Number of protein chains: 4
Amino acid sequence: MQYENQRPIYIQLMELIKKEIAMGKWKVEEKMPSTREMAKIAQVNPNTVSRVYALLEQDGFLTTRRGLGTYVSNNIDKEKLKKEIVYKRIEKFLADVLFLGFSEQEICQMILEKKGGF
Amino acid sequence: MQYENQRPIYIQLMELIKKEIAMGKWKVEEKMPSTREMAKIAQVNPNTVSRVYALLEQDGFLTTRRGLGTYVSNNIDKEKLKKEIVYKRIEKFLADVLFLGFSEQEICQMILEKKGGF
Amino acid sequence: MQYENQRPIYIQLMELIKKEIAMGKWKVEEKMPSTREMAKIAQVNPNTVSRVYALLEQDGFLTTRRGLGTYVSNNIDKEKLKKEIVYKRIEKFLADVLFLGFSEQEICQMILEKKGGF
Amino acid sequence: MQYENQRPIYIQLMELIKKEIAMGKWKVEEKMPSTREMAKIAQVNPNTVSRVYALLEQDGFLTTRRGLGTYVSNNIDKEKLKKEIVYKRIEKFLADVLFLGFSEQEICQMILEKKGGF
DNA sequence: GTGGTCTAGACCACT
DNA sequence: GTGGTCTAGACCACG
């Protein structure tokens, strides 16, 4: 994985894992890779993974069982999660872009045009 | 003004001024307050204002005239810049969000729904 | 049974069994379930039960008889132990709490109030 | 300061600072020692202080201002804080001790006796 | 100088 | 082997 330099790695990794859960890469009740394994996969320090797992637990996505491992929480509504993520992005995107004087309609037009390539 | 704690103050101030220019608070070719004045207005360190002005100049919103002060750039640059910025944002946004399995149409639908508030 | 995630399971199980002994679920001189049985009942690893039984024996609540099993200790030891434990807890508790400027009388008042629920 | 070995240092330091705020050692709106200073005072690693400050901010006790420092939040009701701490301790203490079969009255009696020394 | 992030490496408690 | 804690030391963005 490639990390941008702007936002902290642990935030990027957190959002990546959220996305992956939303997309079904990690199933409910399934064991996540151990912190050390994930550290290798994600190419970061195990402590960073620890932090990410802790935050995801705080947010209700993961559950840790001492001495056993970290598991995907069983009370996650994947669809809800996906929508949540998308809405958050939209909100941020619009905040970024509306003040430049384009309307939502114009923005949407540009998005649909883009399909053909700028 | 109140600043959040999450994003750096200079970013928040920069976006505020952009918005104010877009909304006509600072007119084209008009002189901006000096860094020290703006520092008082915005309740930040003068160094922070310097930084903000420099970044806004880099983005084409402001123009510095030595010994005279900082002025709002003329319209043409702005329009060009706006489109450029919007396109860049859209590209990044779509890359982030299409990945979750929503189509451009669905995204646009959500954006337009959002106008009514989530 | 549900275990919290904060404190180690073996502590939670230990306190549960203590409570159960105090409340008469396991009678004095009665045989406790074997570690394997208890492991099934308590839904934990047999090793964890071993550890718990060992600690409870150390505290005088249980007695192991080789080849026979683990039994609830006789009453006398228990009473003695209880007072000892309580005194120790009180001492620690007061050290923690008097420091904040409350007197013993105030503390007691709060404790008695608490019976009605905070 | 002496740390027990049972609970993590960052928890102990967090509770200590809470107590100190409650007792007025650190006044409202006052700047806390920098993480590095506090690290020396508390004889721990600066990262540990960071963690403590972050948690205390999460709980609303502290406010960090980027590049400036960490400050005691201005919306703290010290008396309320003190009571909160004491109540928490009482709750934990009683949970520990009631199951041994003593009533609240007996506990209080022991506490008041203790004043004269066990 | 301030807090924030990250790494490497260590030790520990838990299962 | 698992997560949790802690240290030492580094680098960076911020004001």
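Order of the sequence lines sets the chain letters (A, B, ...), proteins ahead of strands, with each chain counted from 1. Note that this is a predicted model, so its numbers are computed, not measured.
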Regarding C/Glu29 and C/Arg65, does a basic nitrogen lie under 4.0 Å from an acidic carboxylate oxygen?
yes
If the threshold is 4.0 Å, N to carboxylate O, is there a salt bridge linking A/Glu15 and A/Arg89?
yes
Counting C-beta onward and ignoring hydrogens, is there a side-chain heavy-atom pair between D/Tyr53 and D/Ile17 closer than 4.5 Å?
yes
Indicate yes or no: at least one non-hydrogen side-chain atom of C/Pro33 is less than 4.5 angstrom from one of C/Trp26.
yes
What's the closest nucleotide to the side chain of D/Thr48 if the choices are F/dT5, E/dT15, F/dT7?
F/dT7
Nearest to the side chain of D/Thr64 - F/dC6, E/dG4, F/dA8?
E/dG4
Can you tell me how far [atom2] of [N] sits from [atom1] of [X], to the nearest Å?
X       : N      : atom1 : atom2 : value
A/Leu55 : E/dC6  : CG    : P     : 11 Å
D/Gln58 : E/dG4  : CD    : P     : 12 Å
C/Gln43 : E/dT15 : CD    : C1'   : 15 Å
D/Glu57 : E/dT2  : CD    : C1'   : 14 Å
D/Leu62 : E/dG3  : CG    : C1'   : 13 Å
D/Ile9  : E/dA10 : CD1   : P     : 19 Å
D/Asn5  : E/dC11 : CG    : P     : 14 Å
B/Arg7  : E/dG4  : CZ    : C1'   : 17 Å

Given the structure, check if the side chain of A/Asn47 and the base of E/dG9 hold any donor-acceptor pair shorter than 3.5 Å.
yes
If you go through the side-chain atoms of D/Arg36, does one of them form a donor-acceptor pair with the base of E/dG1 closer than 3.5 Å?
no
Is there a side-chain contact between [X] and the phosphate of [N], meaning an N or O under 4.0 Å from OP1 or OP2?
X       : N      : answer
B/Tyr10 : F/dC14 : yes
A/Thr35 : F/dG3  : yes
A/Thr70 : F/dG3  : yes

Residue whose nearest DNA chain E nucleotide is more 5′ - C/Pro8 or D/Met32:
D/Met32
Earlier contact from the 5' end, DNA chain E, for C/Asn45 and A/Asn45:
A/Asn45
Which nucleotide, in any strand shown, forms a Watson-Crick or G-U wobble pair with F/dG3, with both distances under 3.5 Å?
E/dC12
Using every non-hydrogen atom in the two residues, find where A/Asn47 and A/Asn45 come nearest and quote the distance to one decimal.
N-OD1, 2.7 Å
Using a heavy-atom cut-off of 4.0 Å across all strands, would you classify D/Arg51 as base, sugar-phosphate, or nothing?
sugar-phosphate
Upstream residue (5' side of DNA chain F) when A/Ala54 and B/Ile11 are each assigned their closest nucleotide:
A/Ala54
Closest-nucleotide mapping onto DNA chain F: is A/Tyr53 or D/Val44 further toward the 5' terminus? I mean the 5' end.
A/Tyr53
Give a yes or no on whether A/Lys31 atom NZ has more than 12 heavy-atom contacts from other residues, nucleotides or ligands under 6.0 Å away.
yes
